[in-house]
Amino acid sequence: MGLDSPFEGRLIRLRAREPEDAPLLHAWFNDASVTEHLSMRYPLSHEQEERFVSGASVTGYFAANFAVVTRDDGRLIGGAELRDVSPENRTAILGITIGDKACWDGGYGTDTMRTICRFGFEMMNLNRIELDVFAENARARRVYEKVGFREEGVRRQAVYKYGRYQDVVVMGLLAGELALD
Amino acid sequence: MLHAWAQDPDTIRFNESRYPPSLQAMRPRAELHPTYDHARLAVVDRESGALVGDVALHTMDPESRSGFIGLLIGPEHRGRGYGTDATRAICRFGFDMMNLNRVELDVIASNERALHVYAKAGFRVEGRRRACYYHAGAYEDFIMMGMLRGELTEEG
């Protein structure tokens with residue numbers, strides 16, 4: 001064989017979501033330091049989280065929504081998805097969260113980005129992957145640039161959170177632009 | 001009428017109506033009541049009352065007071081200022097009646113007429129989504145445009 005697994009990066013692996021993931025997700029998405037740079041605003045109930053996980057546990061072209069686990073011990077550390085997939089345009093919107101704070105440095109985010117993008121291009125045959133990032137989220141923007149995303153625009157004052165309007169940067173990555181190391 | 005317009009090549013291209021819609025599928029769209037989420041409105045000539053277009057203002061995030069605009073002027077009514085006037089009217093409605101802070105839209109890069117109309121009304125180019133849209137055998141870019149409260153121009 002000798003083929004690289006399409007689900008695996010250097011540090012992480014993508015797998016389908018399982019009902020047992022719900023409690024950790026519930027903890028992360030009720031932690032303001034995790035959701036600070038996400039569009040989420042409201043406290044989440046266990047029921048909401050369980051409903052989300054059971055809805056997201058069937059994967060496919062229009063449901064490329066995965067749990068991110070460490071390669072060495074299979075520990076759940078985050079999530080990654082390609083949503084709003086358009087088969088005619090071969091485009092998708094990328095969303096990623098590293099919820100486990102112990103993994104915020106050390107390359108887990110970068111590795112997750114490369115793995116989900118490689119999956120999108122090599123397994124789903126996408127031509128373009130796009131994401132939105134709050135302009136103030138300098139760390140995320142650096143990671144996205146490092147893996148090859150280009151800044152394509154700035155939606156001025158597009159999101160209101162924490163008492164102020166924030167700009168949202170749109171970044172895009174076309175097939176062939178992914179930087180793998 | 002909306003069904004007839006959906007057969008026009010420029011409408012298909014610039015308004016991303018990829019598949020020919022059935023009359024039956026168009027009917028509920030035409031009958032929808034405008035709401036904060038989907039303010040879909042007919043554009044009619046002020047004097048004759050004739051239907052000349054279709055405009056929609058969608059909101060997804062009321063906390064951010066931001067809306068997204070889509071506009072269609074019927075092919076036989078283009079080039080007479082309806083587009084500019086309808087753009088200003090829907091923006092004014094968004095700011096003054098829905099209390100929005102921002103409206104935005106995407107324009108296919110080759111749609112120069114629309115880019116001109118939106119710029120004239122006060123929209124600013126905020127970016128370019130590359131290869132976002134596939135049509136007639138080729139990928140096209142989207143020009144991102146946005147307008148903040150206070151930037152709408154009523155003249156010219």
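In the text below, chain A, chain B and the rest are named by the order of the sequence lines, each starting its count at 1.
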If one checks every heavy atom of B/Met145 against chain A at 4.5 Å, the contacting part turns out to be neither
Applying a strict 4.5 Å limit to non-hydrogen atoms, the region of A/Leu173 in contact with chain B is backbone
Heaviest contributor of heavy-atom pairs below 4.5 Å to chain B, chosen from A/Arg128, A/Gln157, A/Arg156, is A/Arg156
Okay, B/Glu104 and chain A: the region with an atom under 4.5 Å from a heavy atom over there is side chain
When the 4.5 angstrom heavy-atom criterion is applied to B/Arg129 and chain A, the contacting part is both
Applying a strict 4.5 Å limit to non-hydrogen atoms, the region of A/Val170 in contact with chain B is side chain
Check: Does B/Asp8 come within less than 4.0 Å of B/Arg78, counting only side-chain N to carboxylate O?
Finding: yes
So, the side chain of B/Thr35 versus the backbone of B/His38: is there a donor-acceptor pair under 3.5 Å, distance only?
yes
query: Within the distance-only criterion (no hydrogens, no angle test), does the side chain of A/Thr97 pair as donor or acceptor with the backbone N or O of A/Gly99 below 3.5 angstrom?
result: no
Look only at the side chain of A/Arg150 and the backbone of A/Met171, and say whether a donor-acceptor pair between them is shorter than 3.5 Å.
-> no
Practice item. Run the salt-bridge test on A/Asp21 and A/Arg15 with the 4.0 Å N-O cut-off and return the result as yes or no. Key: yes
